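Could you have a look at this structure, given as C-alpha coordinates, before my questions?
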Amino acid sequence: MDTQFDDLIQSALNGRLQAYAPYSKFAVGAAVQCKSGAVFAGSNIENISYGLTICAERIATGSAIAAGEREFLAIALVADTIEPIVPCGACRQFLAEFSPDLIIVSATVAGERKIEKLSHLLPEPTRGILKNVHIP
(Lines give C-alpha, C1' and ligand atoms only; values in the text may rest on other atoms or scores of the structure.)
Protein backbone atom coordinates (compact mmCIF):
# COMPACT_ATOMS: atom_id res chain seq x y z
CA MET A 1 0.00 0.00 0.00
CA ASP A 2 1.17 3.55 -0.77
CA THR A 3 2.26 5.09 2.55
CA GLN A 4 3.14 8.53 1.18
CA PHE A 5 0.09 10.21 2.73
CA ASP A 6 -0.18 8.21 5.97
CA ASP A 7 0.73 11.15 8.23
CA LEU A 8 -1.67 13.48 6.43
CA ILE A 9 -4.47 10.92 6.74
CA GLN A 10 -3.68 10.51 10.44
CA SER A 11 -3.95 14.28 10.90
CA ALA A 12 -7.35 14.19 9.16
CA LEU A 13 -8.44 11.28 11.39
CA ASN A 14 -7.44 13.33 14.44
CA GLY A 15 -9.32 16.33 13.07
CA ARG A 16 -12.42 14.17 12.58
CA LEU A 17 -12.50 13.52 16.32
CA GLN A 18 -13.27 17.22 16.83
CA ALA A 19 -16.23 17.32 14.40
CA TYR A 20 -19.41 18.99 15.58
CA ALA A 21 -22.11 17.05 13.76
CA PRO A 22 -25.09 16.71 16.12
CA TYR A 23 -27.67 16.76 13.30
CA SER A 24 -26.29 14.51 10.58
CA LYS A 25 -23.93 12.47 12.78
CA PHE A 26 -21.59 12.60 9.74
CA ALA A 27 -18.16 13.50 11.13
CA VAL A 28 -15.50 14.49 8.61
CA GLY A 29 -11.85 15.33 9.17
CA ALA A 30 -9.48 17.07 6.81
CA ALA A 31 -5.80 17.96 6.86
CA VAL A 32 -4.07 20.19 4.34
CA GLN A 33 -0.35 19.86 3.54
CA CYS A 34 1.25 23.23 2.76
CA LYS A 35 4.22 23.73 0.48
CA SER A 36 6.13 24.96 3.55
CA GLY A 37 5.64 21.54 5.17
CA ALA A 38 3.08 22.74 7.70
CA VAL A 39 -0.10 20.70 8.16
CA PHE A 40 -3.42 22.14 9.31
CA ALA A 41 -6.32 19.93 10.37
CA GLY A 42 -10.01 20.69 10.49
CA SER A 43 -13.38 19.10 11.05
CA ASN A 44 -16.89 19.83 9.87
CA ILE A 45 -18.97 22.15 12.03
CA GLU A 46 -22.73 21.86 11.62
CA ASN A 47 -25.41 24.37 12.43
CA ILE A 48 -29.12 23.81 12.86
CA SER A 49 -29.46 26.10 9.84
CA TYR A 50 -27.65 23.72 7.44
CA GLY A 51 -26.57 26.54 5.11
CA LEU A 52 -24.28 27.75 7.88
CA THR A 53 -22.51 24.40 8.18
CA ILE A 54 -18.80 24.56 7.35
CA CYS A 55 -17.00 21.62 5.76
CA ALA A 56 -13.78 20.20 7.19
CA GLU A 57 -11.85 21.09 4.02
CA ARG A 58 -12.63 24.80 4.39
CA ILE A 59 -11.86 24.76 8.12
CA ALA A 60 -8.42 23.19 7.54
CA THR A 61 -7.58 25.41 4.59
CA GLY A 62 -8.96 28.51 6.31
CA SER A 63 -6.73 27.83 9.32
CA ALA A 64 -3.74 27.54 7.01
CA ILE A 65 -4.63 30.78 5.23
CA ALA A 66 -5.11 32.56 8.58
CA ALA A 67 -1.57 31.42 9.47
CA GLY A 68 -0.20 32.99 6.28
CA GLU A 69 -0.05 29.91 4.05
CA ARG A 70 -1.14 30.25 0.42
CA GLU A 71 0.42 27.24 -1.34
CA PHE A 72 -1.01 23.77 -0.81
CA LEU A 73 0.19 20.39 -2.06
CA ALA A 74 -2.42 17.93 -0.81
CA ILE A 75 -5.49 17.60 1.36
CA ALA A 76 -6.68 14.43 3.08
CA LEU A 77 -10.33 13.76 3.93
CA VAL A 78 -11.54 11.04 6.26
CA ALA A 79 -15.07 9.88 6.99
CA ASP A 80 -16.71 6.71 8.28
CA THR A 81 -18.10 5.68 4.90
CA ILE A 82 -17.97 2.58 2.72
CA GLU A 83 -16.15 4.45 -0.07
CA PRO A 84 -13.82 7.43 0.26
CA ILE A 85 -15.62 10.78 0.01
CA VAL A 86 -14.66 13.74 -2.16
CA PRO A 87 -15.03 17.47 -1.47
CA CYS A 88 -18.44 19.02 -2.17
CA GLY A 89 -18.76 21.51 -5.02
CA ALA A 90 -18.32 24.54 -2.77
CA CYS A 91 -15.13 23.09 -1.29
CA ARG A 92 -13.79 22.22 -4.74
CA GLN A 93 -14.22 25.82 -5.85
CA PHE A 94 -12.72 27.13 -2.59
CA LEU A 95 -9.68 24.86 -2.90
CA ALA A 96 -9.18 25.68 -6.58
CA GLU A 97 -8.77 29.36 -5.67
CA PHE A 98 -5.41 28.47 -4.16
CA SER A 99 -4.36 25.21 -5.80
CA PRO A 100 -6.18 23.95 -8.91
CA ASP A 101 -3.85 20.92 -9.10
CA LEU A 102 -4.19 20.00 -5.42
CA ILE A 103 -3.89 16.30 -4.65
CA ILE A 104 -7.03 14.97 -2.95
CA VAL A 105 -6.42 12.00 -0.67
CA SER A 106 -9.79 10.56 0.33
CA ALA A 107 -9.86 7.85 2.97
CA THR A 108 -12.30 5.88 5.06
CA VAL A 109 -11.93 5.17 8.76
CA ALA A 110 -11.40 1.52 7.75
CA GLY A 111 -8.36 2.49 5.65
CA GLU A 112 -9.61 2.44 2.06
CA ARG A 113 -8.21 5.36 0.09
CA LYS A 114 -8.33 7.06 -3.26
CA ILE A 115 -5.93 9.65 -4.64
CA GLU A 116 -6.85 12.06 -7.42
CA LYS A 117 -6.26 15.64 -8.48
CA LEU A 118 -8.67 18.45 -7.81
CA SER A 119 -8.38 19.38 -11.50
CA HIS A 120 -10.02 16.02 -12.29
CA LEU A 121 -12.97 16.78 -10.00
CA LEU A 122 -13.23 20.44 -11.11
CA PRO A 123 -11.60 20.77 -14.53
CA GLU A 124 -12.31 24.46 -15.30
CA PRO A 125 -12.66 26.32 -12.00
CA THR A 126 -12.54 29.83 -13.48
CA ARG A 127 -14.56 29.25 -16.64
CA GLY A 128 -17.21 31.92 -16.92
CA ILE A 129 -16.20 33.62 -13.67
CA LEU A 130 -15.15 37.25 -14.14
CA LYS A 131 -13.60 36.46 -17.54
CA ASN A 132 -15.79 38.91 -19.48
CA VAL A 133 -16.43 41.45 -16.77
CA HIS A 134 -14.98 44.91 -17.10
CA ILE A 135 -13.75 46.08 -13.71
CA PRO A 136 -12.82 49.77 -13.74
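From a predicted model like this one, the values you see are computed outputs, not experimental measurements. The basis for the numbers below is simple: all heavy atoms, side chains too, and nothing from hydrogens, waters or symmetry mates.
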Would I9 end up clustered with V109 when hydrophobic side chains under 4.5 Å apart are linked, directly or stepwise?
yes
Between P87 and R92 the two heavy atoms that sit nearest each other are O-NE, 2.7 Å
SG of C88 to CD of Q93, rounded to nearest 0.5 Å, is 11.0 Å
I need the I54 CD1 to I59 CD1 distance, nearest 0.5 Å.
4.5 Å
State, to 0.1 Å, how close E46 and Y23 come at their nearest heavy-atom pair, and which atoms those are.
OE1-N, 3.0 Å
same_hphob_cluster(F72, V28) at 4.5 Å side-chain heavy-atom cutoff:
yes
Starting from the C-alpha separation in whole Å, work towards a yes-or-no answer on side-chain contact (heavy atoms from CB on, under 4.5 Å) for V105 and Q33.
CA-CA 11 Å; V105 182; Q33 173 75 53; over 6 Å; no
Evaluate side-chain contact (heavy atoms from CB on, under 4.5 Å) for F40 paired with I65, printing each intermediate quantity in order.
CA-CA 10 Å; F40 292 83; I65 293 165; over 6 Å; no
Using 0.5 Å steps for rounding, measure from the CD atom of E97 to the OG1 atom of T61.
12.0 Å
Other residues, nucleotides and ligands only: do more than 12 of their heavy atoms fall within 6.0 Å of CG on L52?
yes
If hydrophobic clusters are built by linking Ile, Leu, Val, Met, Phe, Trp and Tyr wherever their side-chain heavy atoms come under 4.5 Å apart, do I85 and L102 end up in the same one?
yes
Can you tell me if N47 has over 12 outside heavy atoms packed within less than 6.0 Å of its CG?
yes
Return the minimal non-hydrogen interatomic distance between G29 and A56, and the atom names on each side.
C-CB, 4.0 Å
Looking only at non-hydrogen atoms, find the nearest pair between A60 and V32 and report the distance.
O-CG1, 3.8 Å
Using a 3.5 Å cut-off and no angle test, enumerate the donor-acceptor pairs between side-chain atoms of residues 14-21 and protein atoms at least two apart in sequence or in another chain.
from	atom 1	to	atom 2	distance (Å)
N14	OD1	Q10	NE2	3.1
N14	ND2	Q10	O	3.4
R16	NE	A27	O	3.1

Paired with I103, the side chain to side chain contact (heavy atoms under 4.5 Å, CB included) test is passed by just one of L73, I115, L8, L118, namely I115
Separation between CZ of F5 and OG of S11, rounded to the nearest 0.5 Å
13.0 Å
Supply the atom-to-atom distance L77 CG to T108 OG1, rounded to the nearest 0.5 angstrom.
12.0 Å
Going from CD1 on I75 to CD1 on I104, what distance comes out if it is rounded to the nearest 0.5 angstrom?
6.0 Å
